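Bear in mind that the values here come from a model prediction, so they are computed numbers and not experimental data.
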Amino acid sequence: MNKQFLFDILELAERRCGSDFTRKLFQIRTERERILNNVWKKEPLPEDLSTYQKEIILRDIDFDTIIHHAAKCAGTDDYNKLLFDVAQLAIKHGEFSRGKELLLVLLKTVGRKSLALLADILRKLGNIEFYTNNYTTAYKYFEKSLKLFTQIEDKAGIISIKNVIGALLVEEGKYYEGEIRFIQVRKMATELKLGEMVAKANMNLGNIYIIRGIYTEAESCYKKALDADSGQDKDLLTNLYMNFAICYKFKADYPIALEYLEKAFNLIKETNNRYQKGLLYLIKAEIECISGNLSTATALVTSAFAIFNETGDRISTAEAYKILGMINREDKKHDIALSYFENSKRIYTNLFYIAETLVEMAHLYLAISDKVMAKKVLNQAVKNYEKIGAKPKVEKLRAAFGNVL
């Protein structure tokens with residue numbers, strides 16, 4: 001658990017409970033840690049604990065203590081709102097298990113008392129399942145949330161759920177269905193003058209065009225998204241900058257891609273969004289690898305790997321494996337590279353991402369003069385691209401590997 005997450009929670013609790021609340025907690029914490037540290041120094045532990053493990057224990061105790069003591073100085077409704085806000089912070093910091101735990105508690109305590117809050121709780125639970133690649137469970141939560149938003153006639157809520165279901169369809173490889181959903185969301189959001197939702201729909205459409213290899217269309221959608229939101233939502237703006245970077249990475253314009261990543265990183269310094277930081281590390285690691293900066297790329301991708309291993313995002317972990325494969329291939333450590341690529345391919349379920357890994361594997365096989373395997377994986381990549389309508393990607397492959405395909 002990172003310390004910034006705890007500081008942000010403490011700040012939320014202090015707003016409701018006053019500065020005396022924070023002062024008292026710090027007193028309790030100081031004495032508690034003094035006692036524990038003294039015991040750890042004097043008594044042999046049944047299980048060896050590293051300094052890192054001890055730090056985790058202390059921070060977990062801090063979390064539970066803040067949540068418990070806040071209940072004593074807030075009414076039921078205020079406390080429920082605090083728990084919801086803490087859950088949102090948990091998602092932002094990549095503390096998905098903590099966020100899920102709090103939201104499930106709220107699901108029981110709020111019940112049908114506030115349908116609006118209940119719909120929001122279900123939406124957030126869906127988001128956590130989405131981020132951790134549990135798509136079937138995510139869909140169930142989103143459907144329940146959509147029913148409640150429809151019942152209370154919350155049009156903004158309805159649009160937000162339709163948008164995220166579109167993103168879910170895309171992650172499941174249903175690109176055409178996702179595209180139709182985003183176009184509908186953009187139309188509805190435009191009519192209701194919901195700038196943030198217009199921006200999100202355009203961004204998601206741009207992501208589909210990236211997958212299909214239509215980079216000019218993707219860039220156009222991202223620019224429309226920037227215009228619609230005007231930078232009000234910093235997390236959204238960060239995602240847009242990272243998507244611009246991905247677009248320019250595919251266009252092999254690496255200096256521009258790095259400029260957008262720098263913009264994204266400056267925003268992350270303000271928002272402390274750890275999950276986004278992990279995504280940024282992945283994008284930059286691939287660019288550094290392509291540019292021949294293998295040590296830098298390794299440092300970035302291992303940092304990202306640690307974040308996604310903690311959050312449970314297996315899809316991003318698969319991307320980290322792919323990049324580790326690229327790094328080791330360039331370093332001529334072919335057996336290690338192949339094992340990383342195999343890990344990536346095994347975890348991925350999305351045809352596009354599998355195809356991207358297969359293409360990198362083809363480069364590896366050609367590097368060791370195995371044209372038979374190179375042709376085999378390239379043919380599979382072509383089939384995957386054709387299934388998702390990525391014609392420009394197929395044409396690029398045929399141009400680059402014409403002597404193999």
Side-chain angles (χ1 to χ4, degrees), residues 12 77-78 80-92 96 99-100 102-103 106-107 110-131 135 137-171 177-208 221-241 243 267 271 273 275-276:
L12 278 177
D77 289 342
D78 273 349
N80 285 341
K81 288 175 184 176
L82 173 64
L83 292 185
F84 183 75
D85 288 342
V86 171
Q88 291 192 94
L89 275 177
I91 295 171
K92 174 180 169 181
F96 295 136
K100 184 176 179 178
L102 293 175
L103 290 168
L106 281 171
L107 203 59
V110 172
R112 308 289 293 185
K113 298 173 189 174
S114 171
L115 295 184
L117 180 56
L118 186 57
D120 243 348
I121 291 167
L122 290 164
R123 174 166 56 182
K124 295 299 179 186
L125 281 167
N127 286 341
I128 289 173
E129 299 295 348
F130 179 80
Y131 293 143
Y135 301 135
T137 306
Y139 189 79
K140 289 177 181 177
Y141 279 127
F142 290 142
E143 281 293 296
K144 290 178 181 178
S145 180
L146 181 60
K147 286 180 181 178
L148 288 175
F149 279 130
T150 303
Q151 185 178 336
I152 61 178
E153 298 181 348
D154 184 333
K155 292 182 179 179
I158 292 168
I159 292 172
S160 71
I161 294 296
K162 286 181 178 292
N163 179 68
V164 77
I165 288 177
L168 186 57
L169 290 168
V170 170
E171 288 301 321
E177 293 95 325
E179 182 180 11
I180 295 300
R181 186 67 61 101
F182 295 141
I183 291 171
Q184 292 172 344
V185 167
R186 183 173 62 181
K187 182 176 182 295
M188 294 166 66
T190 301
E191 290 172 353
L192 292 172
K193 297 180 180 179
L194 299 173
E196 182 181 335
M197 287 311 308
V198 172
K200 286 182 177 179
N202 273 311
M203 182 179 71
N204 287 330
L205 280 168
N207 294 346
I208 288 178
C221 283
Y222 296 148
K223 287 178 179 176
K224 289 176 183 175
L226 277 178
D227 292 339
D229 188 61
S230 304
Q232 294 178 43
D233 184 328
K234 289 183 179 179
D235 286 332
L236 175 58
L237 186 57
T238 302
N239 282 332
L240 277 170
Y241 285 151
N243 285 325
L267 283 172
T271 62
N273 192 315
Y275 184 72
Q276 287 183 325

Nearest heavy-atom contact between S160 and M197 is CA-CE, 3.7 Å
Output every pair passing side chain to side chain donor-acceptor pair (under 3.5 Å) with a member in residues 181-194, not counting sequence neighbours, ordered by first then second residue.
R186-N202, K187-E191
L237 vs L226 side-chain heavy atoms within contact, under 4.5 Å:
yes
Strictly distance-based, threshold 3.5 Å: is any side-chain N or O of N163 a donor or acceptor partner for the main-chain N or O of I159?
no
Using distance alone, with no hydrogens and no angle criterion, decide if Y222 and N239 have a side-chain donor and acceptor under 3.5 Å apart.
no
Please tell me if the side chains of V198 and V185 come closer than 4.5 Å, counting only heavy atoms from C-beta onward.
no
Enumerate, atom names and distances included, each donor-acceptor pair closer than 3.5 Å involving a side-chain atom of residues 82-92, sequence neighbours excluded.
residue, atom, partner, partner atom, Å
Q88, OE1, K124, NZ, 3.3
K92, NZ, T271, O, 2.7

Trace of the salt bridge (Lys or Arg N to Asp or Glu O under 4.0 Å) decision for D120 with R123
CA-CA 5 Å; D120 243 348; R123 174 166 56 182; 2.3 Å; yes
Taking the side chain as every heavy atom from C-beta outward, state whether N207 and V170 have any pair of such atoms under 4.5 Å apart.
no
For N80, all residues meeting side chain to side chain contact (heavy atoms under 4.5 Å, CB included), sequence neighbours excluded:
T76, L106, T109, V110
Per-pair distances, 0.1 Å, donor-acceptor, side chain in residues 139-153, under 3.5 Å, sequence neighbours excluded:
residue, atom, partner, partner atom, Å
S145, OG, A119, O, 2.8
T150, OG1, L146, O, 2.7

Where at least one partner belongs to residues 155-167, residue pairs that pass salt bridge (Lys or Arg N to Asp or Glu O under 4.0 Å), sequence neighbours excluded:
none
Under the side chain to side chain donor-acceptor pair (under 3.5 Å) test, residues paired with Y275 that sit two or more places apart:
D313
